[in-house]
Amino acid sequence: MKLTRSIANLFRLSGFALALALFAGPLWAEEHAAMPQQPAAPPRYAVVDLGTLGGSFGLAFGINDRGEVDGFANLPGDTAQHAFMYAKGVMTDLGTLGGPNSASYEGPNEALQAAGLAETSTLDPNGEDFCGYGDNLICLAFSWQNGVMTPLGTLGGNNAQGSGINDRGQVAGYAENSTPDPNCPAPQVLQFKPVVWTNGRIQALSTHPGDPEGGAFWINNEGELVGASGSCAAFDSRYGLPLQPKHALLWRKGLPPIDLGNLGGRINNAAFAINDHEQVVGTSDLSGDQFQHAFLWQKGVMSDLGTLPGDLISVGCGINNRGQVTGVSIDASGNPRAYLWQNGVMTDLNNLIPSDSPLYLMHGFSINSSGEIVGFAYNTQTGNFDAYMAVPLNFGGGASAPAGGSSARVTLPENARKQLQQWQRFGRFGYEPPDPCEKYSKPGSDCRVN
């Protein structure tokens, strides 16, 4: 899939990593084609409101080069979420594997295949809540094509999630094996590993030495995967699984994983997307492990992308083959806003859309080769959270465009904030962690890393 992932959700080098960088440089030049040039200035955008499946929340997670979109959205009454496909102006419900909820991530590919997770109607025998919906149902990874959702296997455990699909139909994700991890907090019991499914056959990927758990979040068209490994933890909506990620990882075609390094922190280091030129984006804690920033990794070097002015946290969620990045930047109160990063500059995406748009773009998850961005937005007229697609009006830099939106930040009303928290099992997001010693703790607070 020639894309950039959606956190949504809800984000230097050691001597060893530097040695890897020196080794990787010639390999990068030999195996990856030249990267197309970025436009000189950020384009203006028109915004398409993709809506929901009848409820009050929708999130567009992936977009291919034809402008076809997938994601997930609430059903009428907000009783469940289903994966959707948006193509030719129509949002299609992809259904589930028998349970109430499903979600599609990091797709569709150019063949209109999608991948994600879907609940079954079977209670987990260990009482786990692997997919974070709170109902303790078994959930499985799936692939979807031509109206058919097909479950993908596990490593011997009960649960799995798919997180991305490339143009070859390979699916990245994570799956449980049959080994209990005594360090997992309840309700999680079993270990889970990063995996890739090829033609329906599952293959486990190695984690960083000493890390028992991990997940693969993205796979590019070269078959390279990125993700993270670390230790079992309470379900974390920022990553979409019960993991405290310690090492952002890159897997190259069956080789041991490459540790991409960090921005100074010891935890919350994860890679979320990789393009076909082996540029990687994600998020990493800064020194002290209080705040995390988006990063760009290329040719062995991790660079801090910073935040939008006044913000504390950022996450890199998607990158296209031009090296343009989208994601989320968050202030100290937990208010997110989508951004576009290119040519070394991070720009609030709301400043690039028409000033009269009712949508406030809260998160960018994916960006395709044309610069089209998808995510979710707060609808200031209805109070809903709608999936959106932002379409560049002057991608080549030559067309005129309407004036950009206001730079004023939208602060969510309390009822909207509670609604968003209710449906925050996004992954790649970082909206409001449950632990007070996580990202929104204030400097000087007594928060320690174990």
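These numbers come from the heavy atoms of this one structure, side chains and all, not from hydrogens, waters or symmetry mates.
- Between Arg252 and Glu278, at least one side-chain nitrogen of the basic residue sits less than 4.0 Å from a carboxylate oxygen of the acidic one, meeting the salt-bridge criterion.
- By the 4.5 Å heavy-atom criterion applied to side chains, Leu263 and Leu286 are counted as neighbours.
- With hydrogens and angles disregarded, no donor-acceptor distance shorter than 3.5 Å links the side chain of Asn74 to the backbone of Asp78.
- Aromatic pair Tyr378/Tyr360: ring centres not closer than 6.0 Å.
- The distance between the ring centers of Phe217 and Tyr239 does not fall below 6.0 angstrom.
- For the residue pair His82/Asn101, the side-chain donor-acceptor check at 3.5 Å is not satisfied.
- For the pair Thr154 (side chain) and Asn158 (backbone), a donor-acceptor distance under 3.5 Å is absent.
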Q) Does the side chain to side chain contact (heavy atoms under 4.5 Å, CB included) test come out yes or no for Val196 and Leu225, once each step is laid out? A) CA-CA 9 Å; Val196 59; Leu225 301 100; 4.0 Å; yes

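- Between the side chain of Tyr45 and the main chain of Gly371, a donor-acceptor pair closer than 3.5 Å is present.
- The distance between the ring centers of Phe130 and Phe192 falls below 6.0 angstrom.
- Tyr86 has its side chain out of reach of Thr92: every pair of non-hydrogen atoms, C-beta onward, lies at least 4.5 Å apart.
- Under the 3.5 Å distance criterion, with hydrogens and angles disregarded, no donor-acceptor pair is assigned to the side chains of Gln292 and Asn268.
- Annotation for Ile367 and Leu340: closest pair CD1-CD1, 3.9 Å, computed over non-hydrogen atoms.
- Here the closest non-hydrogen pair linking Pro180 and Ser178 is CD-O, 3.4 Å.
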